[in-house]
> 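First the structure, then my questions, so here it is.
For the numbers below, each heavy atom of this structure counts, side chains included, while hydrogens, waters and symmetry mates do not.
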Amino acid sequence: MRGDEAREILGFCPNSRPNPAEVKAAYKRKVMQSHPDLFPAHQKSQAEMKFKQISEAYSCLKDCERLGNPTGGSYVHVARRGAYKSYSRHNKALIRTPFFLLILATVSFGALNASRAYRKEKEACPSYNPFLP
């Protein structure tokens with residue numbers, strides 16, 4: 001769905017640029033007017049189609065707003081910022097290794113301090129602590 005169509009469905013002018021709060025308010029207003037549960041049984045199918053169009057228009061405008069693209073197309077976004085770099089070769093092992101070493105050092109020094117405290121307590125009071133062997 002194009003951005004102009006989505007704006008018309010939500011009640012905006014085709015060339016307008018509503019902010020996210022206005023889009024959300026218009027979406028809530030339109031949903032409350034065309035919710036399928038509010039219509040009789042013979043009009044439910046039309047109400048469901050209208051409801052789906054409104055939801056699609058809202059998601060289109062919300063995504064376009066999030067991407068910074070007011071026209072509703074994806075070409076402008078790619079042309080402005082370039083292609084995504086998901087295929088680039090970064091060595092993630094070099095990034096993760098320092099963090100792994102920090103965690104390993106913390107755990108090992110903690111265990112070393114615990115064993116040193118255990119030996120010190122055992123030497124200081126061998127018979128007073130029933131939990132020490």
> If you round to the nearest 0.5 Å, how far is CE of M32 from CG of L38?
6.5 Å
> Please state whether the rings of Y58 and Y27 are parallel, tilted or perpendicular, taking 30° and 60° as the class boundaries.
parallel
> For the CD1 atom of I103 and the OG atom of S108, what is their distance to the nearest 0.5 Å?
12.0 Å
> If every non-hydrogen atom of F39 is compared with every non-hydrogen atom of A47, which pair is closest and at what distance?
CD1-CB, 3.5 Å
> Can you check whether N19's main-chain N or O pairs, donor with acceptor, with E22's side chain at less than 3.5 Å?
yes
> As an exercise, state the distance from NZ of K62 to OG of S55, rounded to the nearest 0.5 Å.
10.0 Å
> What pair of heavy atoms forms the shortest contact from G11 to K30, and how long is it?
N-CE, 4.3 Å
> Checking S16 side chain against F12 main chain: does a donor-acceptor pair fall under 3.5 Å?
no
> Is it the case that atom NZ in K44 sees more than 12 heavy atoms from other parts of the structure closer than 6.0 Å?
yes
> Taking the side chain as C-beta and beyond, is there a heavy-atom pair between C13 and R7 under 4.5 Å?
no
> Are L10 and V31 connected in a single hydrophobic cluster, I mean Ile/Leu/Val/Met/Phe/Trp/Tyr linked by side-chain heavy atoms less than 4.5 Å apart?
yes
> Hey, what do you get for CD (E8) to CD (Q53), rounding to the nearest 0.5 Å?
11.5 Å
> Once rounded to the nearest 0.5 Å, what's the spacing between atom CD of E56 and atom CZ of F51?
13.0 Å
> Quick one: pull up CE in M49 and CD1 in I54 and give me the separation to the nearest 0.5 Å.
12.0 Å
